Peer 1: 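Below are the structure tokens for one structure; questions will follow.
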Amino acid sequence: MKQLEVQLGDRSYPIYIGQQLFNDAELLTRHISSNKVMLVTNTLVETLYLKQVKNTLERAGKSVDVTVLPDGESYKTLETLNLIFDGLLQGIHGRDTCIVALGGGVVGDMAGFAASCYQRGVDFIQLPTTLLSQVDSSVGGKTAVNHPLGKNMIGAFYQPKAVYIDIDCLKTLASEQFSAGMAEVIKYGIIWDREFFDWLDSNHQTIVGLDNDAITTMIARCCEIKAEVVSSDEHERGIRALLNLGHTFGHAIESEQGYGSWLHGEAVAAGMVLAAKTSLALGLIESESLVNIQQLISRYQLPINAPSTMNYNSFIKHMVIDKKVIAGKLRFVLPTSIGSAELYSDVTEDLLKQIIECS
Ligand code: GLY
């Protein structure tokens with residue numbers, strides 16, 4: 001098992017990465033001080049891991065209530081969030097309770113947001129079961145629900161007490177979900193680590209074959225980068241924004257297509273290519289870098305083009321309410337090479353139109 005740390009003073013927390021973590025009663029309850037636990041999951045993960053995790057928590061003497069949410073991004077709403085509050089209140093959970101999020105990014109974001117609000121804040125723990133949540137959303141304390149007018153518009157920065165990444169979960173993950181997670185993995189290579197980008201290319205076979213060593217190395221490198229970034233900029237006043245490469249375009253695709261019809265990772269993949277095309281047009285990267293990015297994204301079965309039905313207007317109407325707008329200006333994370341990126345707020349309307357409509 002590997003262990004990393006997100007360094008945030010007295011709110012620092014560990015990330016454990018390994019196999020069979022969900023069976024380890026001592027490990028799984030190491031950061032839970034209460035006797036009562038609210039386990040939050042969804043209808044799909046319920047059939048796969050709920051019994052195992054509930055038994056493990058109960059073996060350690062915890063009293064476990066369960067809230068099962070409907071599965072999918074389209075349910076990441078304030079209305080669904082109430083199911084968690086209903087369960088907590090019906091089960092008479094006090095401020096000393098601990099919410100355990102068992103599932104992918106939607107479950108983690110919603111359970112985390114519920115933890116940030118319930119009785120003004122209770123402990124929570126992340127047990128991410130998808131690749132995307134293991135490498136990105138379970139680490140760093142971004143919690144939220146969507147609004148019909150924008151993704152993740154209602155939420156809070158609220159850190160978990162611990163993150164447990166059991167790589168055995170990837171064995172039951174649908175292949176399109178694995179690919180969606182790879183979009184966020186590739187993102188780290190583009191914004192931060194050229195060597196890692198190249199490693200993802202040369203280790204493609206072992207990664208898609210779910211080789212334990214390759215997967216552990218890959219997830220650990222992503223979490224290491226994320227932990228470093230979050231430790232130095234928890235509230236995204238600077239460097240953390242780089243983790244949003246492809247997300248400004250990607251969120252517009254998700255919102256326009258209807259939440260859930262494009263997976264988040266698929267939209268981010270197409271968004272990263274649009275960002276790289278913008279970099280090329282601004283002379284920040286060579287065409288060879290754009291080709292390398294497109295090739296790696298395609299290799300992991302991800303889209304490199306936005307939906308053909310989307311034009312400039314359908315992008316812009318979502319992008320103007322994106323959280324990355326500051327003082328009325330759109331801000332884009334753009335690669336400046338493979339392995340580095342910067343924030344740009346001077347991309348002109350004409351250039352944007354050309355990038356979107358000529359893609
Ligand atoms: N998913 C980007 C971040 O956590 O900042």
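In listed order, ligands and their atoms are each counted from 1. Since the structure is predicted, the reported quantities are computational estimates derived from the model, not experimental observations.
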Peer 1: Mind checking what makes side chain to side chain donor-acceptor pair (under 3.5 Å) contact with S340, not counting sequence neighbours?
Peer 2: T336, S337
Peer 1: Quick one: table the atom pairs, ligand 1 N or O against protein N or O, below 3.5 Å, distance rounded to 0.1 Å.
Peer 2:
unit_1: ligand 1; atom_1: 1 (N); unit_2: D136; atom_2: OD1; d: 3.1
unit_1: ligand 1; atom_1: 1 (N); unit_2: D136; atom_2: OD2; d: 3.0
unit_1: ligand 1; atom_1: 4 (O); unit_2: K226; atom_2: NZ; d: 2.6
unit_1: ligand 1; atom_1: 4 (O); unit_2: R240; atom_2: NH2; d: 2.8
unit_1: ligand 1; atom_1: 5 (O); unit_2: K142; atom_2: NZ; d: 3.0
unit_1: ligand 1; atom_1: 5 (O); unit_2: R240; atom_2: NE; d: 2.7
unit_1: ligand 1; atom_1: 5 (O); unit_2: R240; atom_2: NH2; d: 3.3

Peer 1: Consider side-chain hydrogen bond (donor to acceptor under 3.5 Å, both in side chains). Of R240, R11, K142, which one does E234 pass it with?
Peer 2: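 For E234, the side-chain hydrogen bond (donor to acceptor under 3.5 Å, both in side chains) test succeeds with only one of R240, R11, K142, which is R11.
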Peer 1: Main chain of Y300, side chain of H204: is a donor-acceptor contact present, judged purely on distance under 3.5 Å?
Peer 2: no
Peer 1: Kindly say whether R95 contributes a backbone atom to a donor-acceptor pair with the side chain of Q119 at under 3.5 angstrom?
Peer 2: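 Flag set: sc Q119 to bb R95 pair under 3.5 Å.
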Peer 1: Parallel, tilted or perpendicular for Y16 and Y164, by the 30°/60° rule?
Peer 2: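 Parallel, since the angle between the ring planes stays under 30°.
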Peer 1: Closer than 4.0 angstrom, basic N to acidic O: yes or no for E349 and K353?
Peer 2: no
